[in-house]
Asks: 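Have a look at this one before I ask anything.
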Amino acid sequence: MPELPEVQTIVNDLKKALPGKKIVSFESGFEKAIKGISLSLFKKNVVGKKITGIERTGKNILIYLDDNETILVHLKMTGQLISQDTKPKIQDANKHLHHLCFYDIRKFGTLSLIETSQLKDKFSKLGTDPLSKEFSLEKLKGLLKKAPNKPVKALLMEQGLISGIGNIYASEILFDAKIDPRKKSSSLKNKEVEKLLESIKKILKKAILMRGTSVSDYRDASGKKGSFQDVLKVYKKDGQKCPTCDTIIEKSIIGQRSTFFCPKCQK
DNA sequence: CTCGGAGCCTGTCTGC
DNA sequence: TGCAGACAGGCTCCGA
């Protein structure tokens, strides 16, 4: 899916378009995407409500409503959330309608509704946001100790420890940090942890500036592709030359996920 | 407790 | 060309 930079891009876009708007109708072409509540009840609970704000927590999109309810959206692998203004029809020219469309080719994505006061509880098991101030060197060292035997690449993707990094950025971050993704978390030296922290923040921030990575289905809230795919160094580049040293990039499966790295640069 | 594997879905690409 | 099989950005559940 959309990982942290993609979700953040979508949230930033929606923040400009949605707050203050009232939900006048809700339709669904795939009822199963709605979790924990029936379609009719979901509809009943959101129609007539005003959107007060949009935020990201991990890879979740939170759409706050004005009555202590929040719509939670998770895009999983291929979900899209597209927002667009629609031309007012002549008969109701004074009404300015806006469409927000949730679309997911693989149907893994989910919508749910939660009381805003219960959000904290809902996300209590979610790890630290890697772009937050509290994600410090000491914090990262502590997290590495929590799963000492896990390959560092698998640890980066562990949402209960760090929330927001997925398969693309895990490979890119470790290439930037020159760390072998197969290395056990506990084996990282101080200097490597410092570099890892720097690379995590650097890569994620750069990806947000570039509006995310569109390998295939990802689109921002206006339906456009991101551009970070143009600067990927190793992700899906197996068989090609490393941009730094010309060694052939390798692919290996770590934690059941494809992982790409340069066997020479990454130690 | 941790770990690995299956499952959720559909589209696209690979290799025989 | 055709078709089976692998694989894809995530996460949860289940059993060992």
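All heavy atoms count here, side chains included; hydrogens, waters and symmetry mates do not.
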Asks: When you check the phosphate oxygens OP1 and OP2 of dT12(C), does a side-chain N or O of Lys35(A) lie under 4.0 Å from one of them?
Replies: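 For dT12(C), neither OP1 nor OP2 has a side-chain N or O of Lys35(A) closer than 4.0 Å.
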
Asks: Which value, in whole Å, describes the distance between the P atoms of nucleotides dG7(B) and dA6(C)?
Replies: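 Comparing P positions in dG7(B) and dA6(C) gives a spacing of 14 Å.
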
Asks: For residues 7-19 of chain A, which residue pairs qualify under salt bridge (charged side-chain N to carboxylate O under 4.0 Å, His left out), counting only residues two or more places apart or in two chains?
Replies: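 Checked against salt bridge (charged side-chain N to carboxylate O under 4.0 Å, His left out) - neighbours excluded - the pairs reaching residues 7-19 of chain A are Asp13(A)-Arg211(A).
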
Asks: When the P atoms of dA6(B) and dG5(C) are compared, how many Å lie between them, rounded to an integer?
Replies: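 Pairwise P distance, dG5(C) against dA6(B), rounds to 16 Å.
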
Asks: Taking atom P of dC7(C) as reference, at what distance in whole Å does atom CG of Asp217(A) sit?
Replies: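 Atom CG in Asp217(A) sits about 19 Å away from atom P in dC7(C).
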
Asks: Do Lys59(A) and Pro2(A) have side chains that get closer than 4.5 Å, going by heavy atoms?
Replies: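 They are not in side-chain contact.
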
Asks: Taking the minimum atom-to-atom distance to the side chain of His74(A), which one of dC8(B), dC11(C), dC7(C) wins?
Replies: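 Output: dC11(C).
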
Asks: Using the P atoms only, state how far dC9(B) lies from dC14(C), rounded to an integer number of Å.
Replies: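 Nearest-Å result for dC14(C) against dC9(B) at atom P: 16 Å.
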
Asks: Send over the distance from Lys125(A) NZ to dC13(C) C1', rounded to a whole Å.
Replies: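 Rounded to the whole Å, the gap is 13 Å.
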
Asks: Looking only at atom types and distance, does a side-chain atom of Arg182(A) sit under 3.5 Å from a main-chain N or O of Lys184(A), one as donor and one as acceptor?
Replies: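 Such a contact is absent between Arg182(A) side chain and Lys184(A) backbone.
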
Asks: Starting at the 5' end of nucleotides 10-16 of chain B, put B wherever the base has a protein heavy atom under 4.0 Å, S where only the sugar-phosphate does, and a dash everywhere else.
Replies: BS-----

Asks: Restricting to non-hydrogen atoms, name the atom on Arg257(A) and the atom on Asn167(A) that form the minimum distance, rounded to 0.1 Å.
Replies: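 Closest approach of Arg257(A) to Asn167(A): CB-OD1, 3.6 Å.
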
Asks: Please check if Leu18(A) and Ile23(A) belong to a single hydrophobic cluster, counting links between Ile, Leu, Val, Met, Phe, Trp and Tyr side chain heavy atoms closer than 4.5 Å.
Replies: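 Yes, same cluster.
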
Asks: Whole angstroms only, please: what is the CG-P distance between Leu4(A) and dC11(C)?
Replies: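 Distance check: Leu4(A) CG to dC11(C) P gives 11 Å.
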
Asks: Using atom CD1 of Ile165(A) as one end and atom C1' of dC11(C) as the other, report the distance to the nearest whole Å.
Replies: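 Going from Ile165(A) (CD1) to dC11(C) (C1'), I get 16 Å.
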
Asks: Within this structure, what is the CD-to-C1' distance between Glu3(A) and dC11(C), rounded to whole angstrom?
Replies: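 Glu3(A) atom CD is separated from dC11(C) atom C1' by 13 Å.
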
Asks: Heavy atoms from C-beta onward define the side chain here; which of dC11(C), dA8(C), dC8(B) lies closest to that of Lys32(A)?
Replies: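 It is dC8(B).
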
Asks: Using a heavy-atom cut-off of under 4.0 Å over every strand shown, decide if Tyr169(A) touches base, sugar-phosphate, or nothing.
Replies: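 No contact at all - Tyr169(A) keeps every heavy atom at 4.0 Å or more from the nucleic acid.
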
Asks: Considering only heavy atoms from C-beta outward, does the side chain of Leu72(A) approach that of Lys122(A) to under 4.5 Å?
Replies: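 Result yes, sub-4.5 Å side-chain heavy-atom pair found.
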
Asks: For Gln159(A) and dG10(C), is the shortest distance between a side-chain N/O and OP1 or OP2 below 4.0 Å?
Replies: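 For Gln159(A), the contact criterion (side-chain N or O under 4.0 Å from OP1 or OP2 of dG10(C)) is not met.
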
Asks: Establish whether the base of dG5(B) is bridged to the side chain of Gln256(A) by a donor-acceptor pair shorter than 3.5 Å.
Replies: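 Counting by modelled atom types and ignoring angles, a donor-acceptor contact under 3.5 Å is found here.
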
Asks: Between Pro130(A) and Leu4(A), is there a side-chain heavy-atom distance shorter than 4.5 Å?
Replies: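 With C-beta onward as the side chain, the pair touches.
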
Asks: Do Phe102(A) and Ile61(A) make a side-chain contact, defined as non-hydrogen atoms from C-beta onward lying under 4.5 Å apart?
Replies: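 When only atoms from C-beta onward are counted, Ile61(A) and Phe102(A) do not touch, as no gap falls below 4.5 Å.
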
Asks: Is the aromatic ring of Phe108(A) within stacking range of dC9(B), meaning centres under 5.5 angstrom and planes under 30 degrees?
Replies: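 Here Phe108(A) fails the 5.5 Å or the 30° condition.
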
Asks: What's the CD1-P distance between Ile168(A) and dG10(C), to the nearest Å?
Replies: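 Nearest whole value for this atom pair: 7 Å.
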
Asks: Between C1' on dA8(C) and CG on Leu75(A), what's the gap in Å once rounded to a whole number?
Replies: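 After rounding, the reported distance stands at 16 Å.
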
Asks: Reading DNA chain B 5' to 3', what string of ( ), [ ], | and . shows its pairs, if Watson-Crick and G-U wobble pairs count only when both distances fall under 3.5 Å?
Replies: .|||||||.|||||||

Asks: Pick the C1' atom in dT1(C) and in dT10(B), then give their distance to the nearest Å.
Replies: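 It works out to 23 Å between them.
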
Asks: In this structure, how many angstroms lie between the P atom of dT2(B) and the NZ atom of Lys146(A), rounded?
Replies: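 Result: 11 Å.
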
Asks: Are Tyr235(A) and Phe175(A) an aromatic pair by the rule of ring centers under 6.0 Å?
Replies: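 Centroid separation for Tyr235(A) and Phe175(A): 6.0 Å or greater.
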
Asks: Between Ile51(A) and Leu65(A), is there a side-chain heavy-atom distance shorter than 4.5 Å?
Replies: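 Heavy-atom side-chain distance check passes, below 4.5 Å.
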
